[in-house]
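Below is one structure, written out as C-alpha coordinates; comments come after it.
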Amino acid sequence: MTVFADYAPWYDLLYRDKDYAAETAFVEGRLRDHGVASGRMLDLGCGTGLHALAFARKGWSVAGIDLSHEMIASAKARADQAGLSIPFRQGDACEAGAERDFDAVVSLFHVASYQTSRDRLAKMFRTAHAALKPGGVFFFDYWYGGAVLAQGVETRVKVIEQKPLRLTRIAQSDHDEQQATVTVNYTLFCEDTDRATIRRVDEAHHMRYWFPFEIDAALQANGFQPAHHAAWLTQDAPSTKSWAAYAIARKNVTP
(Lines give C-alpha, C1' and ligand atoms only; values in the text may rest on other atoms or scores of the structure.)
Protein backbone atom coordinates (compact mmCIF):
# COMPACT_ATOMS: atom_id res chain seq x y z
CA MET A 1 0.00 0.00 0.00
CA THR A 2 1.25 3.44 -0.88
CA VAL A 3 2.05 5.53 2.19
CA PHE A 4 -0.69 8.14 2.78
CA ALA A 5 -3.17 6.36 0.46
CA ASP A 6 -5.82 6.00 3.18
CA TYR A 7 -4.27 8.53 5.56
CA ALA A 8 -4.44 11.45 3.09
CA PRO A 9 -8.10 12.48 3.63
CA TRP A 10 -7.39 13.08 7.33
CA TYR A 11 -3.92 14.55 6.97
CA ASP A 12 -4.75 18.26 7.09
CA LEU A 13 -7.10 17.84 10.03
CA LEU A 14 -4.46 15.93 11.99
CA TYR A 15 -1.93 18.69 11.37
CA ARG A 16 -4.28 21.66 11.67
CA ASP A 17 -2.11 23.01 14.51
CA LYS A 18 0.95 23.15 12.25
CA ASP A 19 1.85 26.79 11.59
CA TYR A 20 2.56 26.72 7.87
CA ALA A 21 2.78 30.52 7.65
CA ALA A 22 5.44 30.71 10.36
CA GLU A 23 7.40 27.83 8.84
CA THR A 24 7.25 29.41 5.40
CA ALA A 25 8.46 32.74 6.78
CA PHE A 26 11.33 30.97 8.56
CA VAL A 27 12.42 29.06 5.45
CA GLU A 28 12.15 32.20 3.36
CA GLY A 29 14.40 34.01 5.84
CA ARG A 30 17.06 31.31 5.64
CA LEU A 31 16.91 31.31 1.83
CA ARG A 32 17.35 35.08 1.93
CA ASP A 33 20.38 34.63 4.19
CA HIS A 34 21.87 32.49 1.43
CA GLY A 35 21.18 35.01 -1.31
CA VAL A 36 17.85 33.78 -2.71
CA ALA A 37 15.05 36.21 -1.90
CA SER A 38 12.58 35.40 -4.68
CA GLY A 39 12.14 33.53 -7.94
CA ARG A 40 11.21 29.99 -8.90
CA MET A 41 10.80 27.35 -6.21
CA LEU A 42 10.25 23.59 -6.38
CA ASP A 43 8.53 21.99 -3.39
CA LEU A 44 9.81 18.41 -3.38
CA GLY A 45 7.40 16.19 -1.46
CA CYS A 46 4.77 18.92 -1.31
CA GLY A 47 2.01 16.89 0.38
CA THR A 48 -1.35 18.65 0.26
CA GLY A 49 0.28 21.88 -0.89
CA LEU A 50 -0.03 24.09 2.17
CA HIS A 51 3.63 25.16 2.19
CA ALA A 52 3.57 25.65 -1.59
CA LEU A 53 0.50 27.89 -1.38
CA ALA A 54 2.05 29.92 1.40
CA PHE A 55 5.18 30.49 -0.69
CA ALA A 56 3.07 31.38 -3.74
CA ARG A 57 1.19 33.99 -1.73
CA LYS A 58 4.56 35.53 -0.88
CA GLY A 59 5.34 35.96 -4.57
CA TRP A 60 7.32 32.83 -5.36
CA SER A 61 6.66 30.99 -8.63
CA VAL A 62 6.10 27.54 -7.15
CA ALA A 63 5.81 24.01 -8.52
CA GLY A 64 5.17 20.90 -6.44
CA ILE A 65 5.83 17.16 -6.62
CA ASP A 66 4.56 14.42 -4.33
CA LEU A 67 4.49 10.63 -4.46
CA SER A 68 0.88 10.40 -3.29
CA HIS A 69 -1.88 10.74 -5.89
CA GLU A 70 -4.29 11.60 -3.08
CA MET A 71 -2.07 14.37 -1.72
CA ILE A 72 -1.57 15.87 -5.18
CA ALA A 73 -5.33 15.84 -5.81
CA SER A 74 -5.83 17.80 -2.56
CA ALA A 75 -3.06 20.23 -3.48
CA LYS A 76 -4.55 20.90 -6.93
CA ALA A 77 -8.02 21.44 -5.50
CA ARG A 78 -6.67 23.80 -2.86
CA ALA A 79 -4.71 25.86 -5.43
CA ASP A 80 -7.75 26.08 -7.72
CA GLN A 81 -9.92 27.22 -4.84
CA ALA A 82 -7.34 29.89 -3.93
CA GLY A 83 -7.05 31.06 -7.55
CA LEU A 84 -3.34 30.23 -7.63
CA SER A 85 -1.61 28.75 -10.64
CA ILE A 86 0.72 26.09 -9.20
CA PRO A 87 1.76 23.11 -11.33
CA PHE A 88 1.48 20.12 -9.01
CA ARG A 89 2.33 16.66 -10.30
CA GLN A 90 2.56 13.16 -8.91
CA GLY A 91 6.11 11.88 -8.90
CA ASP A 92 8.91 10.32 -6.88
CA ALA A 93 11.34 12.72 -5.20
CA CYS A 94 14.08 10.26 -6.13
CA GLU A 95 13.37 10.44 -9.87
CA ALA A 96 14.34 13.69 -11.60
CA GLY A 97 11.66 15.02 -13.92
CA ALA A 98 11.56 17.88 -16.39
CA GLU A 99 11.89 20.59 -13.70
CA ARG A 100 14.93 22.81 -14.38
CA ASP A 101 16.37 26.26 -13.61
CA PHE A 102 14.80 26.77 -10.19
CA ASP A 103 16.29 29.29 -7.80
CA ALA A 104 15.39 27.18 -4.76
CA VAL A 105 14.27 23.67 -3.94
CA VAL A 106 12.59 23.04 -0.60
CA SER A 107 11.67 19.66 0.86
CA LEU A 108 9.75 19.95 4.11
CA PHE A 109 8.22 17.80 6.82
CA HIS A 110 10.98 15.17 6.82
CA VAL A 111 10.83 14.00 3.21
CA ALA A 112 14.56 13.24 3.51
CA SER A 113 13.83 10.85 6.37
CA TYR A 114 11.35 8.92 4.22
CA GLN A 115 14.43 7.97 2.19
CA THR A 116 15.62 5.01 4.24
CA SER A 117 18.88 4.20 2.46
CA ARG A 118 21.93 6.18 1.42
CA ASP A 119 21.12 5.35 -2.19
CA ARG A 120 17.61 6.80 -1.93
CA LEU A 121 18.91 9.91 -0.19
CA ALA A 122 21.50 10.41 -2.93
CA LYS A 123 18.80 10.05 -5.60
CA MET A 124 16.68 12.68 -3.86
CA PHE A 125 19.67 15.01 -3.80
CA ARG A 126 20.23 14.38 -7.52
CA THR A 127 16.62 15.35 -8.20
CA ALA A 128 17.15 18.64 -6.37
CA HIS A 129 20.46 19.18 -8.17
CA ALA A 130 18.86 18.65 -11.59
CA ALA A 131 16.08 21.12 -10.79
CA LEU A 132 18.33 23.93 -9.52
CA LYS A 133 20.21 26.62 -11.36
CA PRO A 134 23.97 26.64 -10.74
CA GLY A 135 24.35 28.38 -7.37
CA GLY A 136 20.73 27.60 -6.44
CA VAL A 137 19.85 26.75 -2.84
CA PHE A 138 18.43 23.51 -1.45
CA PHE A 139 16.61 23.62 1.92
CA PHE A 140 15.32 20.43 3.55
CA ASP A 141 14.57 19.07 6.99
CA TYR A 142 15.22 15.64 8.50
CA TRP A 143 15.16 13.58 11.67
CA TYR A 144 18.36 14.28 13.60
CA GLY A 145 19.97 11.04 14.77
CA GLY A 146 21.46 12.44 17.95
CA ALA A 147 18.00 13.34 19.28
CA VAL A 148 16.39 10.06 18.25
CA LEU A 149 19.07 8.06 20.05
CA ALA A 150 18.96 10.29 23.13
CA GLN A 151 15.19 10.35 23.50
CA GLY A 152 14.17 6.94 22.21
CA VAL A 153 10.74 6.11 20.81
CA GLU A 154 7.41 6.03 22.61
CA THR A 155 3.73 5.45 21.94
CA ARG A 156 1.82 8.65 21.28
CA VAL A 157 -1.91 9.35 21.12
CA LYS A 158 -3.45 12.38 19.45
CA VAL A 159 -7.16 13.28 19.49
CA ILE A 160 -8.63 15.91 17.17
CA GLU A 161 -12.29 17.00 17.28
CA GLN A 162 -13.96 19.02 14.55
CA LYS A 163 -17.63 18.23 14.72
CA PRO A 164 -18.99 15.92 13.57
CA LEU A 165 -15.55 14.28 13.23
CA ARG A 166 -13.44 12.89 16.03
CA LEU A 167 -10.04 11.52 15.04
CA THR A 168 -7.95 9.40 17.36
CA ARG A 169 -4.45 8.54 16.15
CA ILE A 170 -2.22 6.05 17.93
CA ALA A 171 1.42 6.02 16.87
CA GLN A 172 3.51 3.04 17.98
CA SER A 173 7.14 3.01 16.89
CA ASP A 174 9.70 0.26 16.38
CA HIS A 175 13.36 1.35 16.43
CA ASP A 176 16.00 -0.56 14.48
CA GLU A 177 19.22 1.00 15.71
CA GLN A 178 21.40 -1.10 13.40
CA GLN A 179 19.61 0.27 10.34
CA ALA A 180 19.05 3.74 11.87
CA THR A 181 15.35 3.43 11.10
CA VAL A 182 12.09 3.94 12.95
CA THR A 183 8.87 2.34 11.72
CA VAL A 184 5.91 4.40 12.90
CA ASN A 185 2.77 2.26 12.96
CA TYR A 186 -0.25 4.54 12.79
CA THR A 187 -3.72 3.41 13.78
CA LEU A 188 -6.33 6.05 13.02
CA PHE A 189 -9.93 5.85 14.23
CA CYS A 190 -12.15 8.23 12.23
CA GLU A 191 -15.48 8.71 13.97
CA ASP A 192 -18.51 10.55 12.58
CA THR A 193 -20.52 11.35 15.69
CA ASP A 194 -23.61 12.43 13.72
CA ARG A 195 -23.82 9.20 11.75
CA ALA A 196 -22.49 7.02 14.57
CA THR A 197 -19.93 5.47 12.23
CA ILE A 198 -16.27 4.75 12.74
CA ARG A 199 -13.53 3.81 10.31
CA ARG A 200 -10.12 2.39 11.11
CA VAL A 201 -7.03 3.18 9.03
CA ASP A 202 -3.67 1.47 9.54
CA GLU A 203 -0.45 2.64 7.92
CA ALA A 204 3.22 2.00 8.60
CA HIS A 205 5.65 4.85 7.87
CA HIS A 206 9.23 3.63 7.55
CA MET A 207 11.63 6.47 8.44
CA ARG A 208 15.37 6.96 8.79
CA TYR A 209 17.25 9.38 10.96
CA TRP A 210 20.41 11.01 9.69
CA PHE A 211 23.52 12.65 11.03
CA PRO A 212 24.98 15.83 9.51
CA PHE A 213 28.19 14.09 8.41
CA GLU A 214 26.15 11.55 6.39
CA ILE A 215 24.10 14.27 4.76
CA ASP A 216 27.16 16.36 3.93
CA ALA A 217 28.91 13.38 2.33
CA ALA A 218 25.87 12.64 0.16
CA LEU A 219 25.46 16.28 -0.82
CA GLN A 220 29.09 16.70 -1.79
CA ALA A 221 28.99 13.49 -3.82
CA ASN A 222 26.03 14.86 -5.77
CA GLY A 223 27.13 18.34 -6.72
CA PHE A 224 26.47 20.47 -3.64
CA GLN A 225 28.65 22.45 -1.29
CA PRO A 226 28.62 21.29 2.35
CA ALA A 227 25.43 22.12 4.17
CA HIS A 228 24.63 24.39 7.09
CA HIS A 229 22.74 22.40 9.73
CA ALA A 230 20.52 23.68 12.54
CA ALA A 231 17.65 22.68 14.80
CA TRP A 232 14.24 23.25 13.23
CA LEU A 233 12.94 26.82 13.44
CA THR A 234 16.18 28.01 15.05
CA GLN A 235 19.67 28.94 13.92
CA ASP A 236 21.25 26.86 16.67
CA ALA A 237 23.15 23.63 16.09
CA PRO A 238 21.07 20.42 16.08
CA SER A 239 20.70 19.06 19.58
CA THR A 240 19.30 16.12 21.51
CA LYS A 241 16.27 18.23 22.46
CA SER A 242 14.55 17.97 19.08
CA TRP A 243 14.27 15.28 16.40
CA ALA A 244 13.72 17.96 13.77
CA ALA A 245 16.71 19.56 12.06
CA TYR A 246 17.29 21.20 8.70
CA ALA A 247 20.10 21.67 6.20
CA ILE A 248 20.82 24.32 3.57
CA ALA A 249 23.15 23.54 0.69
CA ARG A 250 24.14 25.32 -2.51
CA LYS A 251 24.46 23.69 -5.92
CA ASN A 252 27.99 23.98 -7.23
CA VAL A 253 28.42 26.68 -9.86
CA THR A 254 30.80 24.53 -11.90
CA PRO A 255 30.35 20.79 -12.49
Side-chain angles (χ1 to χ4, degrees), residues 1-8 11 14-15 44-45 47 65-68 71 91-96 105-129 138-158 169-188 200-234 236-249:
M1 180 179 66
T2 302
V3 171
F4 293 119
D6 292 326
Y7 198 75
Y11 182 88
L14 282 166
Y15 292 106
L44 195 58
I65 300 171
D66 198 89
L67 185 61
S68 166
M71 295 286 204
D92 190 337
C94 296
E95 297 175 1
V105 172
V106 299
S107 190
L108 304 174
F109 219 177
H110 318 312
V111 176
S113 280
Y114 276 93
Q115 317 314 319
T116 56
S117 69
R118 289 187 175 90
D119 181 60
R120 289 280 299 177
L121 188 70
K123 287 179 178 178
M124 176 185 163
F125 289 172
R126 288 198 287 274
T127 299
H129 186 275
F138 182 26
F139 182 111
F140 61 97
D141 60 5
Y142 63 95
W143 281 6
Y144 171 56
V148 178
L149 294 178
Q151 295 182 21
V153 300
E154 59 184 18
T155 297
R156 297 183 180 183
V157 178
K158 184 174 187 177
R169 186 187 69 182
I170 304 169
Q172 297 175 299
S173 298
D174 298 317
H175 183 192
D176 185 337
E177 192 169 339
Q178 296 301 313
Q179 298 297 319
T181 59
V182 176
T183 300
V184 186
N185 300 293
Y186 288 114
T187 301
L188 183 63
R200 173 173 172 161
V201 173
D202 292 283
E203 282 195 2
H205 292 211
H206 195 49
M207 311 287 289
R208 177 161 178 163
Y209 50 87
W210 298 101
F211 293 89
F213 75 89
E214 296 177 291
I215 286 174
D216 284 349
L219 285 167
Q220 289 180 273
N222 290 284
F224 288 94
Q225 297 173 18
H228 168 77
H229 297 265
W232 181 238
L233 296 183
T234 79
D236 302 325
S239 77
T240 57
K241 295 180 181 179
S242 174
W243 286 29
Y246 68 91
I248 310 173

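The first residue in the sequence is number 1, and the count goes up from there.
In this structure a side-chain-to-backbone donor-acceptor pair under 3.5 Å is present from Ser113 to Arg208. No donor-acceptor pair closer than 3.5 Å links the side chain of Asn185 to the backbone N or O of Ala204. Formation of a donor-acceptor pair under 3.5 Å by the Asp141 side chain with backbone atoms of Phe109 is found in this model. Using modelled atom types, no side-chain atom of Asp92 and backbone atom of Leu67 make a donor-acceptor pair closer than 3.5 Å.
At least one side-chain heavy atom of His229 sits less than 4.5 Å from a side-chain heavy atom of Asp216. Residues Val105 and His129 form no side-chain contact, since every pair of their non-hydrogen atoms from C-beta on lies 4.5 Å or further apart.
Aromatic ring orientation, Phe138 versus Phe224: tilted (interplanar angle from 30° to 60°). In this pair, Tyr142 and Phe140 present their aromatic rings tilted. The plane angle is within the 30 to 60° band.
Atoms CD and OH, from Glu214 and Tyr209 in turn, are 9.5 Å apart once rounded to the nearest 0.5 Å. Rounding to the nearest 0.5 Å places NE2 of His110 at 15.0 Å from CH2 of Trp210. Going from atom CZ of Arg156 over to atom OH of Tyr186 covers 9.0 Å, rounded to the nearest 0.5 Å.
Residue Lys158 places its NZ atom among more than 12 non-hydrogen atoms of other residues, nucleotides or ligands, all under 6.0 Å distant. For Gln151, the CD atom counts as densely surrounded, since its 6.0 Å shell holds more than 12 non-hydrogen atoms of other residues, nucleotides or ligands.
Among all heavy-atom pairs drawn from Ala230 and Pro238, the shortest one is CA-CD, 3.7 Å. Here the closest non-hydrogen pair linking Phe125 and Ala218 is CE1-CB, 3.6 Å. Across every non-hydrogen atom of Ser107 and Val111, the tightest pair is OG-CB, 3.2 Å. Of all heavy-atom pairs spanning Leu121 and Gln115, the tightest one is N-CB, 3.9 Å. Here the closest heavy-atom approach between residue Gly47 and residue Asp66 is recorded as N-OD1, 2.7 Å. Minimum heavy-atom separation, Ala171 to Val184: CB-CG1, 4.0 Å.
Each of His205, His206, Gln172, His175 was scored for a side chain to side chain donor-acceptor pair (under 3.5 Å) with Thr183, with one residue passing: His206. Each of Asn222, Ile65, Leu44 was compared with Thr127 under the side-chain contact (heavy atoms from CB on, under 4.5 Å) criterion, and only Leu44 meets it.
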CA sep, side-chain torsions, deciding dist, call: Val106, Tyr246, side-chain contact (heavy atoms from CB on, under 4.5 Å): CA-CA 11 Å; Val106 299; Tyr246 68 91; over 6 Å; no

